[in-house]
Asks: 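Sharing a structure with you now.
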Amino acid sequence: MNWIQIYNRLFELINIQGDTYFGGTRFLNTIREVNYNVPSYNNYIEQRRAENKSTSRRDYYFDLIMEQPENERVQIINSIIDSIGHLEPERTASIRNLIEPVNQLQVPQAEIPNNLWNADRLIDYLERMDTAINEGNYELALTLAYTCLEGFYKSFIREKIPAQINLNELTPMAVQIRNYLRNELDANNIEYPEQVIILISTVTNAVANARNNFSDSHSGNRAEKWVAIYIRDNVNSIVKMILNFI
């Protein structure tokens, strides 16, 4: 596999300022999904300086990827392009095609780690939303909220509701997850407030509508701060609740 070509195509995408951008912390967090031994951003950069290695993003991103076994490199690339694929479908598809032969050799279970979600990944999205809000980029915060739910829902469905794996729209995915949780609770005779389960689809609709109304990639309208903060907090609550069922 031509990892130089794969990496060059990938770096072109994640080096663009905007929704596809991967800063050092975000990139290291993605590597850490498959290798928990990767240090924090500051420690890693200091380590490279002590070893007289380049601290250029292009250089150390490549080194980090190539230091991993090939199957883990594939997981890392998949994780990145899964998170930005809806923003650059053609360019991410070209990258995916370069690693597809390896993907085909993996058993189905091997795909699950590519999109596993946990509290750390949620925190990463929340921090990026907070940064966007603090910078007054409320449209970006809404897009990140949408992307957060999209990635999490796909991960949950892949693991828990594989029969619905072909769903791509946010609202239908939310309905399937809502119904799954309801069935799980009923099957275990657990009492719960129905309104809490209904909120999954309600909040999802709010996120989708907010993103579609205000995103620069759609109408170009200007979102307001209170909308971005409200959506951010609701996404946090929904994901944290559903994480209990993984």
Asks: Between the side chain of S79 and the main-chain N/O of Q75, is any donor-acceptor distance below 3.5 Å?
Replies: no
Asks: Measure from the side-chain N and O atoms of R57 to the backbone N and O of F22, and report whether any donor-acceptor pair falls under 3.5 Å.
Replies: yes
Asks: Within the side chain of T202, is there an N or O that forms a donor-acceptor pair under 3.5 Å with the backbone of I198?
Replies: yes
Asks: Starting from the C-alpha separation in whole Å, work towards a yes-or-no answer on side chain to side chain contact (heavy atoms under 4.5 Å, CB included) for V227 and Y138.
Replies: CA-CA 8 Å; V227 174; Y138 308 132; over 6 Å; no
Asks: Using 0.5 Å steps for rounding, measure from the CE atom of M173 to the OG atom of S155.
Replies: 11.0 Å
Asks: Any donor-acceptor pair under 3.5 Å linking the side chain of T20 with the backbone of I84?
Replies: no
Asks: I'd like to know whether I95 forms a side chain to side chain contact (heavy atoms under 4.5 Å, CB included) with I77, so could you lay out the CA-CA distance, the side-chain angles of the two residues, the decisive distance to 0.1 Å, and finally the verdict.
Replies: CA-CA 9 Å; I95 298 172; I77 302 300; 3.8 Å; yes
Asks: Side chains of N29 and R26: do they bring a donor and an acceptor to under 3.5 Å?
Replies: no
Asks: Please give me the minimum heavy-atom distance between A141 and A132, naming the atom from each residue.
Replies: N-CB, 3.9 Å
Asks: Treat each ILVMFWY residue as a node, draw an edge where side-chain heavy atoms are under 4.5 Å apart, and state whether Y60 and I76 are in one component.
Replies: yes
Asks: Would you find a donor on one side and an acceptor on the other, under 3.5 Å apart, between the side chain of N35 and the backbone of I31?
Replies: no
Asks: Any side-chain heavy-atom pair from I80 and F27 closer than 4.5 angstrom?
Replies: yes
Asks: Do the side chain of R178 and the main chain of I197 share a donor and acceptor less than 3.5 angstrom apart?
Replies: no
Asks: Heavy-atom distance under 4.5 Å between the side chains of N78 and I81, does that happen here?
Replies: yes
Asks: So, does N244 use its side chain to make a donor-acceptor pair with the main chain of M241 at under 3.5 Å?
Replies: yes
Asks: Could you tell me the separation between the CD1 atom of I65 and the CD atom of E72, rounded to the nearest 0.5 Å?
Replies: 12.5 Å
Asks: Enter the distance from T30:OG1 to D82:CG here, rounded to the nearest 0.5 Å.
Replies: 11.0 Å
Asks: With sequence neighbours excluded, what pairs up with Q5 under the side-chain hydrogen bond (donor to acceptor under 3.5 Å, both in side chains) test?
Replies: none
Asks: Not counting sequence neighbours, list each pair that qualifies as a ring-ring contact (aromatic ring centres under 6.0 Å, His included) and has a residue in residues 161-206.
Replies: F156-Y180
Asks: Heavy-atom distance under 4.5 Å between the side chains of T131 and M129, does that happen here?
Replies: no
Asks: Looking at CG of D19 and CG of L13, how far apart are the two atoms once the value is rounded to the nearest 0.5 Å?
Replies: 12.0 Å
Asks: Strictly distance-based, threshold 3.5 Å: is any side-chain N or O of Q68 a donor or acceptor partner for the main-chain N or O of L64?
Replies: yes
Asks: Does Y7 have any ring-ring contact (aromatic ring centres under 6.0 Å, His included) partners at least two apart in sequence or in another chain, and if so, which?
Replies: F11, F62
Asks: Backbone N or O of R232 within a donor-acceptor pair of the N236 side chain at under 3.5 Å?
Replies: no
Asks: Would you indicate whether the side-chain heavy atoms of F245 and K160 approach each other to under 4.5 Å?
Replies: no
Asks: Membership question, hydrophobic clusters at under 4.5 Å side-chain separation (ILVMFWY): are L149 and V175 in the same one?
Replies: no
Asks: Picking from D63, T55, D59, N43, what satisfies side-chain hydrogen bond (donor to acceptor under 3.5 Å, both in side chains) with R48?
Replies: D63
Asks: Taking only Lys NZ, Arg NE, NH1 and NH2, and the carboxylate oxygens of Asp or Glu, determine whether E12 and R9 approach each other closer than 4.0 Å.
Replies: no
Asks: Please give me the minimum heavy-atom distance between I231 and A145, naming the atom from each residue.
Replies: CG2-CB, 3.6 Å
Asks: I'd like to know if D124 pairs up with R128 as an ion pair, taking the criterion as any Lys NZ or Arg NE/NH1/NH2 lying under 4.0 Å from an Asp or Glu carboxylate oxygen.
Replies: yes
Asks: Which pair of non-hydrogen atoms, one from Y125 and one from S83, has the smallest distance, and what is that distance?
Replies: OH-CB, 3.9 Å
Asks: Does the side chain of L122 reach to within under 4.5 Å of the side chain of F152, using non-hydrogen atoms?
Replies: no
Asks: Got more than 12 heavy atoms from elsewhere within 6.0 Å of CD1, I190?
Replies: yes
Asks: Quick one: do K154 and N168 satisfy side chain to side chain contact (heavy atoms under 4.5 Å, CB included)? Show the steps, please.
Replies: CA-CA 8 Å; K154 285 182 178 179; N168 290 311; 4.2 Å; yes
Asks: Where is the tightest heavy-atom contact between V235 and C148, given as atom of each residue plus distance?
Replies: CG1-SG, 3.9 Å
Asks: Side-chain heavy atoms under 4.5 angstrom apart, residues restricted to Ile, Leu, Val, Met, Phe, Trp, Tyr: same cluster for L140 and Y21?
Replies: no
Asks: For R32 and N37, what are the C-alpha separation, side-chain angles and deciding distance, and is it a side chain to side chain contact (heavy atoms under 4.5 Å, CB included)?
Replies: CA-CA 7 Å; R32 203 173 290 114; N37 292 321; over 6 Å; no
Asks: Should E194 and R182 count as an ion pair when the cut-off is N to O under 4.0 Å?
Replies: yes
Asks: Taking all non-hydrogen atoms of both residues, which atom of L142 and which atom of A210 are closest, and how far apart?
Replies: CD1-O, 3.8 Å
Asks: Should Y146 and L170 count as side-chain neighbours, where that means a heavy-atom distance under 4.5 Å?
Replies: yes
Asks: Is R96 close to I6 at the side-chain level, that is, under 4.5 Å between some pair of heavy atoms?
Replies: no
Asks: I'd like to know if the side chain of T204 pairs up with that of Y153 as donor and acceptor (distance under 3.5 Å, no hydrogens or angles considered).
Replies: yes
Asks: Search all heavy atoms of L181 against all heavy atoms of I200 and return the closest pair with its distance.
Replies: CD1-CD1, 3.5 Å
Asks: Determine whether L10 and R91 make a side-chain contact, defined as any pair of heavy atoms from C-beta on separated by less than 4.5 Å.
Replies: no
Asks: Please round to the nearest 0.5 Å and tell me the distance separating atom CZ of R211 and atom CD of E150.
Replies: 7.5 Å
Asks: Just how far is it from atom CD of E159 to atom CD1 of I165, taken to the nearest 0.5 Å?
Replies: 10.5 Å
